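A single structure is presented below for examination.
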Amino acid sequence: MLITATLLGVIVLSMISSFFLYSNISKLQIKHDNVEKILFMRQYQYELLRTTIAFNEAIPSLKAQIGHAGFDDWFNVLWSRTQSINTGIVGSNVLKSGFNYNKLNDALQTIDNTLYKDRNITDDSLKDIQNIFYRLIRDSHLYQQQRDAIYQEVEIEKQKNIFHYYRNSLILSSLTLFFGFIVSSFLYRNTQKLLSMQQQLERMVTKRTLALNDKNVELINEVKERYIVEEQLVKSQSQIEDAKERAVKQLNYDPLTKLASRTLFTDRFNHCLIKAQRTDTKIALLFLDLDRFKHVNDTLGHSVGDELLKKTATRIKDALRQGDTAARFGGDEFAVLLPDISGINHVQIIAQRILKALNTPFILSGHESYISASIGVSLYPADGKTVEQLLRKADNAMYKAKDKGKNTYQFFTHEMEVEANRRRQMETALHAAVKLLDFKLVYQPIINLESGETEGAEALIRWQDKQGQAISPATFIPIAEELGLISKIGSWVLEEACTQAVIWQKACELPLKISVNLSSRQFQNNDLAKLIVNVLAKTGLAPQNLALEITESLLMVDEKQIMQQLKSIRELGVHLAIDDFGTGYSSLSYLKKFPINILKIDRSFIKDLNVDQNDAELVKGILSLAKSLQLSVVAEGVEEKGQLDFLAENGCKHIQGYYFSKPLSSEALITFINAKKAKQLKTAL
Ligand code: C2E
Ligand code: MG
Ligand code: MG
């Protein structure tokens with residue numbers, strides 16, 4: 001805005017200045033014209049004077065009529081000059097300024113007539129001509145004077161104009177300079193500002209450029225990284241695709257046996273269900289569990305267990321029709337889907353075929369192993385309409401098949417469902433009981449036949465559900481093992497039993513021994529020996545007064561860890577007993593290998609001792625084996641005198657059974673021991 005205004009100002013001033021200059025120049029032109037007129041008239045006056053002089057000089061010769069001598073030339077000059085006034089540019093100006101041409105022309109005409117045309121040359125005519133010349137000189141002088149005055153005026157005017165011109169020019173120049181200065185300074189300031197802004201901008205640009213350069217480098221690196229990442233992504237993508245494929249396979253197939261997974265099994269069932277609904281046909285679901293698989297896993301190791309599962313899968317698949325689906329649900333649980341069932345008979349044939357296929361011995365790590373399975377069967381639509389319902393019911397039926405003695409199949413019945421519900425309730429109740437340690441221990445005396453005294457007692461756990469109904473440990477201990485609750489129960493039993501043992505020892509003044517049952521699962525925790533040390537330290541029980549009962553199956557696990565644990569326990573001075581001896585499949589060589597010092601003959605052999613010759617022989621065999629291995633033997637479940645006598649005759653020193661006493665409370669046990677002591681004393685007396 002300011003710049004525009006300033007520029008406009010400069011333009012206006014320049015225009016004014018130009019106008020002044022123009023007017024002064026035109027005035028100078030007028031002055032120039034005046035000078036020209038004056039010069040013209042001076043020349044004319046000179047020529048007039050010269051002609052007059054020439055006339056005066058020529059008068060004598062004129063009088064003598066002998067010629068005009070030099071006068072003629074001057075007169076001609078004057079005559080032509082006079083003519084030019086009327087014709088030339090300067091002359092016309094002279095005429096305009098008031099010069100009387102006609103008067104002059106008339107005068108010259110008169111002279112010309114007198115001297116050359118009329119030739120009336122007399123003294124008077126000469127005198128007249130002289131007067132004409134004098135008059136002309138006077139007029140010319142007057143005109144000259146007039147011009148000179150004008151000239152003076154013009155000169156003054158000229159000086160004034162020059163002065164004005166210079167003054168105005170000076171003012172204009174000053175103003176122009178001033179405005180120029182303002183504009184320049186303004187422009188300078190702005191230029192400075194612009195320069196500093198430019199510098200600032202340049203600095204910013206440099207900075208930005210540097211930053212951009214850095215950013216560029218970063219970007220380049222990023223692009224490189226991206227490129228690498230993208231490459232990796234592409235790689236990962238294909239890995240992901242592979243993984244997806246594997247995941248889908250894993251989702252649909254059991255990785256170990258390559259049988260269908262639960263997901264695929266469910267899909268196939270739903271597919272068959274649609275068809276069955278449309279065609280009004282039946283579907284059968286078989287739930288299969290290997291008998292004693294845990295035993296194989298525990299004894300022969302997990303890799304052999306896996307080998308068995310793979311072989312089982314192949315045999316099940318081979319026993320099926322095309323279109324049937326075999327699946328593995330995990331562990332040793334298998335399921336079979338049989339669509340298009342024409343009748344129960346059909347299912348029976350397939351179930352029997354599977355059982356038969358599994359009954360053929362398996363060769364596992366070079367050993368011949370006998371495996372059987374229990375199968376539960378449920379039918380669509382009779383037992384349920386969804387895969388979940390049918391599987392649950394087949395599972396219940398499978399448990400029933402196991403109860404029935406294993407290696408068989410069982411169709412689902414309503415009673416099974418009731419039983420399954422009961423089990424679920426028990427599981428919930430057991431969780432709650434373990435939380436509160438809501439258990440009790442009872443103690444069954446073990447009698448030394450040689451001394452007739454109570455040598456110790458076995459601690460047996462008791463549990464009552466909310467309804468006050470006693471639940472057998474044979475029922476709830478396996479459930480506690482399955483639910484992972486056994487360690488907590490076992491620790492409590494050990495401490496409680498040892499505490500009570502010390503109480504009886506004091507009360508009965510006898511070095512009574514306590515036997516505590518251990519679950520194989522308790523050996524999974526490596527801290528078992530530590531637990532025993534702590535409990536002994538806490539309760540003050542001597543290690544030699546503690547016997548731990550383990551099952552044969554534990555010894556069949558060829559694992560260094562078990563051996564190491566048993567050794568550590570024996571090294572403490574604690575006794576180790578094999579419970580239910582004879583029911584397992586242990587090789588007798590283990591008895592030498594492991595640090596065992598007591599055998600407890602299972603009740604099942606004692607029960608029919610007097611009626612079953614085989615059992616009698618077996619018990620005799622165990623007793624002689626124990627003798628040769630220097631192991632002490634406890635006979636369990638002795639209920640009758642005959643059994644007692646047989647055992648006594650064959651060298652069995654320790655007896656446990658209802659014959660002497662059922663399991664007792666701690667207080668009752670003390671009474672029992674003291675009573676027995678008193679009786680012994682009485683007999684001795
Ligand atoms: P077990 O260790 O072999 O215990 C002997 C079982 O035989 C006890 O059953 C006992 O009451 C029973 N019994 C003893 N003498 C006779 C008899 O003359 N006739 C009859 N009919 N039975 C007799 P219980 O107490 O029901 O225990 C069953 C099993 O539960 C035990 O067998 C043992 O394996 C397990 N168990 C009991 N308490 C515990 C425990 O605290 N921890 C662990 N892990 N298992 C336990
Ligand atoms: Mg026992
Ligand atoms: Mg037993």
Side-chain angles (χ1 to χ4, degrees), residues 287 289 294 331 333 374 376 388-389 391-406 410 412-445 457-500 514-522 524-525 531 535 549 551 579-580 602-604 636-637 639 656-658 661-669 672:
F287 201 97
D289 189 277
K294 199 171 82 61
E333 287 178 355
S374 301
E388 290 84 14
Q389 286 171 344
L391 278 174
R392 190 163 44 78
K393 291 184 177 177
D395 188 29
N396 291 344
M398 184 273 292
Y399 274 109
K400 195 76 202 165
K402 278 203 191 288
D403 285 353
K404 271 169 69 183
K406 300 172 182 167
Q410 171 71 48
F412 173 77
T413 60
H414 176 67
E415 293 72 48
M416 287 176 201
E417 193 161 32
V418 175
E419 207 178 299
N421 285 340
R422 208 181 299 136
R423 184 184 153 106
R424 264 194 297 280
Q425 282 169 2
M426 192 186 286
E427 283 180 5
T428 315
L430 193 58
H431 269 289
V434 169
K435 224 177 205 176
L436 302 169
L437 289 171
D438 189 16
F439 302 101
K440 262 186 10 198
L441 286 185
V442 288
Y443 305 91
Q444 186 172 31
E458 179 181 0
L460 296 161
I461 194 164
R462 293 292 175 262
W463 175 48
Q464 284 186 346
D465 66 10
K466 286 234 171 71
Q467 288 72 40
Q469 199 188 332
I471 301 173
S472 160
T475 307
F476 76 82
I477 289 290
I479 297 173
E481 284 176 339
E482 272 175 44
L483 298 178
L485 302 170
I486 197 66
S487 287
K488 199 170 174 198
I489 296 175
S491 303
W492 175 81
V493 170
L494 185 68
E495 189 175 333
E496 177 65 15
C498 293
T499 308
Q500 290 305 322
I514 179 80
S515 290
V516 176
N517 293 288
L518 286 186
S519 159
S520 302
R521 300 274 170 119
Q522 284 176 269
Q524 282 171 4
N525 185 350
L531 172 82
V535 168
E549 298 187 7
T551 52
D579 205 353
D580 306 335
D602 191 64
R603 186 161 67 89
S604 56
E636 283 186 302
E639 293 184 358
Q656 179 182 349
Y658 292 177
S661 170
K662 283 194 169 181
L664 304 166
S665 69
S666 186
E667 300 77 32
L669 181 75
F672 174 85

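Hydrogens, waters and symmetry mates are skipped; everything else that's a heavy atom, side chains included, is used. A quick note: this is a predicted structure, and the numbers were derived from the prediction, not measured.
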Inset, instruction - Using distance alone, with no hydrogens and no angle criterion, decide if Ser487 and Gln522 have a side-chain donor and acceptor under 3.5 Å apart. - result: no
Solution key, residues 430-445 side-chain donor-acceptor pairs under 3.5 Å, sequence neighbours excluded:
| residue | atom | partner | partner atom | Å |
| --- | --- | --- | --- | --- |
| Gln444 | OE1 | Gln656 | NE2 | 2.8 |
| Gln444 | NE2 | Ser661 | O | 3.1 |

Legend entry - Leu518 CG to Ile486 CD1 distance, which is reported to the nearest 0.5 Å: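 Between atom CG of Leu518 and atom CD1 of Ile486 there are 9.5 Å.
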Inset, instruction - Measure the shortest side-chain to side-chain distance between Arg462 and Leu460 over non-hydrogen atoms and say whether it is less than 4.5 angstrom. - result: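 Side chain of Arg462 against side chain of Leu460, heavy atoms only: contact under 4.5 Å found.
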Legend entry - Spatial distance of atom OG (Ser491) from atom CG (Leu531) [nearest 0.5 Å]: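 So the gap between those two atoms works out to 4.5 Å.
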Legend entry - side chain to side chain contact (heavy atoms under 4.5 Å, CB included) against Lys662, all qualifying residues, sequence neighbours excluded: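 Checked Lys662 against side chain to side chain contact (heavy atoms under 4.5 Å, CB included); matches are Tyr658.
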Legend entry - Gap separating the CZ atom of Arg521 from the CD1 atom of Ile489, nearest 0.5 angstrom: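 Going from the CZ atom of Arg521 to the CD1 atom of Ile489 covers 12.5 Å.
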Legend entry - From CD (Glu549) to CG (Asn517), nearest 0.5 Å: 4.5 Å
Legend entry - Heavy-atom pair with the smallest gap, counting every atom of Ala401 and Ser374: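 Heavy atoms of Ala401 and Ser374 come nearest at CB-CB, 4.0 Å.
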I'd like a table of donor-acceptor pairs (distance under 3.5 Å, sequence neighbours excluded) in which one partner is a side-chain atom from residues 471-483, with atom names and distances.
| residue | atom | partner | partner atom | Å |
| --- | --- | --- | --- | --- |
| Ser472 | OG | Ala474 | N | 3.0 |
| Glu481 | OE2 | Ser519 | OG | 2.5 |
| Glu482 | OE1 | Arg423 | NH2 | 2.7 |

Inset, instruction - For the residue pair Glu636 and Asp580, establish whether any side-chain heavy-atom pair is separated by less than 4.5 Å. - result: yes
Inset, instruction - Rounded to the nearest 0.5 Å, what's the gap from NZ on Lys400 to CD on Gln410? Could you check? - result: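 The NZ atom of Lys400 sits 7.5 Å away from the CD atom of Gln410.
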Inset, instruction - Report yes if the side chains of Leu391 and Asp395 come closer than 4.5 Å at any heavy-atom pair, otherwise no. - result: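 They are not in contact (no side-chain heavy atoms under 4.5 Å apart), so the answer is no.
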